[in-house]
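What follows is one structure encoded as structure tokens, with my remarks underneath.
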Amino acid sequence: MKCENCSKKECSKKQKNDDTQSTSVDALSSNNGSEEKNEFDTLANAKILLSDCLACDSCMTLEEGTRVFQQNQKEFFRILNLNKKCDTSKHKILAVSLCPQSLPYFAAKFNFSVNEAAKRLCGFLKSLGVHYVFDTTIAADFSILESQREFVQRYQRRNQEEHALPMFASACPGWIRYAERVLTNLVTSHICTAKSPQQIMGSLVKGYFARQQNLSPDKIFHVVVAPCYDKKLEALREDFYTALYNSAEVDCVLTSGEIVQIMEQKNVSMKDVTEVAVDSLFDGLKEGDVVRHDGKRSDGYLEHIFKHAAKELFGVDVKEITYKALKNKDFQEVTLEKDGETVLRFAAAYGFRNIQNMVLKLKKGKFFYHFVEVLACPGGCLNGKGQAQTEDGKPDKALLAQMEEVYTAIPVRLPEANLHVQRMYQDWLEGMDSRKVQDTLHTTYSAVNQSTSSLDIKW
């Protein structure tokens with residue numbers, strides 16, 4: 001772990017994992033053994049290593065590292081145990097939101113359909129004492145819709161504003177962390193301002209849902225189950241915290257693998273768990289079958305923005321998108337031709353080596369893409385380090401292949417087709433162009449002064 005005032009060092013992501021490099025949660029835990037014992041004490045603390053986190057220790061202060069490592073099973077169990085005590089004034093409504101890219105992991109690992117996996121996971125969490133279990137797909141709907149609109153606006157301003165294009169996707173916290181801490185304003189001014197699905201879900205749960213239930217946001221403890229550890233860092237951002245209620249939009253992030261750890265520690269088999277329908281943010285309604293967005297391994301920002309821009313800007317109705325792989329399968333491009341001219345050029349850049357190549361081209365003025373879907377994990381979100389890993393920390397390729405099959409088989413629903421989203425724009429957000437939309441669904445990204453410069457980062 002390294003604070004901002006420490007000496008410069010080579011990025012640890014290049015180094016192999018070892019005991020001296022990987023500081024575990026035990027070293028940073030403030031637990032002094034004086035806490036009251038409860039039924040969850042037999043469960044082991046989650047072992048989160050710096051090597052698990054794509055935003056490596058060169059990008060993290062000591063305080064941030066400590067707070068990240070506090071986002072583990074123990075914090076989740078602390079709230080569960082608190083709710084079992086007699087002092088109801090300290091009770092919290094415990095809500096868990098499931099990321100769509102986590103569900104294929106549970107389905108493939110335990111040999112269920114994705115719908116069965118979602119319901120059994122919901123049943124397991126509720127058996128622990130969770131009150132509500134939500135699907136974050138609705139948050140991704142909002143994020144994609146706002147990203148689509150922003151791209152069209154940026155494209156229309158491209159000749160007036162230097163930093164209008166290219167636009168980079170903002171959904172991946174590992175990429176955002178790297179851009180803000182290492183790449184400076186050269187890149188941050190190009191990042192889409194739409195919040196990620198995780199943080200929009202935080203706004204929905206602590207804002208919309210809290211209001212529907214007549215609850216203060218600080219009375220809800222919101223947990224997100226996600227495929228990667230970087231989501232823990234994202235939840236700590238100061239712009240995702242409401243000082244008025246002393247409440248974060250997301251209180252704790254647990255990876256898919258950490259949920260499996262809980263099952264194993266409690267000796268629970270998914271096959272024995274009762275199926276329970278996933279909750280909806282809307283009173284009296286339950287979620288139906290699991291749906292997803294376009295995109296084989298992510299939320300499909302590229303596909304949705306490309307099709308929307310083609311229609312809005314050029315009147316072209318794109319039915320199918322054809323990818324062209326360039327240097328490797330994790331760097332692909334999509335183009336739109338009209339009247340013999342390339343009018344749209346999009347790319348998907350997954351993994352830090354492709355991100356580095358992309359940034360070098362941008363610095364040299366040889367970057368010709370209008371939009372890039374950037375994801376820190378090679379292979380996309382399904383390959384997050386919080387799931388589908390072997391015991392030695394490498395991707396479980398066989399399980400990942402099954403997960404991709406499960407994910408691509410999920411029916412696609414366009415964000416525009418979600419009637420709940422359209423109603424919420426009008427009833428809760430006061431219209432699509434309102435100030436409340438900007439405050440609730442958008443944020444800003446800017447360079448953060450660090451002692452480590454981009455010249456010190458070697459890949």
Side-chain angles (χ1 to χ4, degrees), residues 1-6 28 30 48 50 53-72 75 79 92 95 97 136 139 142-143 146-147 150 168-185 187-208 210 216-224 226 228-254 374 376 435-452:
M1 186 61 59
K2 168 177 176 175
C3 71
E4 293 182 3
N5 296 320
C6 292
L28 292 165
S30 59
I48 305 170
L50 290 179
C53 185
L54 290 170
C56 62
D57 59 333
S58 292
C59 296
M60 203 187 304
T61 66
L62 180 62
E63 179 186 0
E64 288 170 333
T66 303
R67 291 172 67 199
V68 164
F69 297 132
Q70 288 171 347
Q71 290 203 28
N72 59 14
E75 181 67 6
I79 299 300
K92 301 267 189 179
S97 297
T136 66
F142 277 110
S143 184
E146 290 301 306
S147 298
E150 181 170 334
F168 297 123
S170 56
C172 174
W175 150 243
I176 294 297
R177 187 75 174 186
Y178 178 60
E180 288 188 317
R181 296 298 173 110
V182 178
L183 301 179
T184 73
N185 287 324
V187 169
T188 55
S189 58
H190 292 278
I191 297 174
C192 177
T193 65
K195 286 183 182 178
S196 73
Q198 171 174 297
Q199 295 311 134
I200 288 181
M201 196 66 194
S203 298
L204 293 175
V205 171
K206 294 289 187 92
Y208 178 82
S216 173
D218 61 309
K219 288 296 183 182
I220 300 175
F221 190 83
H222 183 208
V223 179
V224 169
C228 79
Y229 289 94
D230 276 358
K231 291 291 186 182
K232 295 174 185 280
L233 269 171
E234 181 180 32
L236 298 177
R237 290 180 65 96
E238 291 182 2
D239 45 334
F240 300 148
Y241 180 86
T242 304
L244 178 63
Y245 295 104
N246 190 27
S247 177
E249 293 176 346
V250 176
D251 297 291
C252 182
V253 175
L254 296 177
V374 189
R435 179 67 189 176
K436 191 170 183 180
V437 164
Q438 288 300 312
D439 292 341
T440 306
L441 305 182
H442 290 259
T443 187
T444 56
Y445 301 103
S446 58
V448 177
N449 291 329
Q450 287 285 106
S451 62
T452 303

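Within the 4.5 Å cutoff, no side-chain heavy atoms of T443 are placed close to those of Q199. Y445 is listed as a side-chain neighbour of I176, based on a closest heavy-atom distance under 4.5 Å. Between V187 and W175 the shortest side-chain heavy-atom distance falls below 4.5 Å. With contacts defined as side-chain heavy-atom distances shorter than 4.5 Å, the pair F142/L204 qualifies.
Contact record, G202 with V250: CA-CG2, 4.2 Å, taken as the closest heavy-atom pair. Closest approach of K92 to D218, counting heavy atoms only: NZ-O, 2.6 Å. The minimum heavy-atom distance between E249 and S203, with the atom names listed, is OE2-OG, 3.2 Å. Nearest heavy-atom pair across K231 and A226 is CG-CB, 3.7 Å. Across every non-hydrogen atom of V437 and H442, the tightest pair is O-CD2, 3.7 Å. Of all the heavy atoms in S97 and M201, the pair that sits closest is OG-CG, 3.5 Å.
Without hydrogens or angle criteria, K436 side chain to L441 main chain gives no donor-acceptor distance under 3.5 Å. No donor-acceptor pair closer than 3.5 Å links the side chain of D251 to the backbone N or O of V223. The backbone N or O of A139 sits nowhere less than 3.5 Å from a side-chain atom of S143 that would complete a donor-acceptor pair. Of the possible donor and acceptor atoms, one in the side chain of E150 sits under 3.5 Å from a partner among the backbone N and O of T193. Of the possible donor and acceptor atoms, none in the side chain of S170 sits under 3.5 Å from a partner among the backbone N and O of I191.
Looking at T188 and E180, their side chains never bring a donor and an acceptor atom within 3.5 Å of each other.
The line from SG of C252 to NZ of K232 is 6.0 Å long, rounded to the nearest 0.5 Å. Separating the CD atom in E234 from the CD atom in Q198 is a distance of 4.5 Å, to the nearest 0.5 Å. A distance of 13.0 Å separates SG in C172 from OH in Y178, rounded to the nearest 0.5 Å.
Using a cutoff of 4.0 Å between basic side-chain nitrogens and carboxylate oxygens, D239 and K195 are not scored as salt-bridged.
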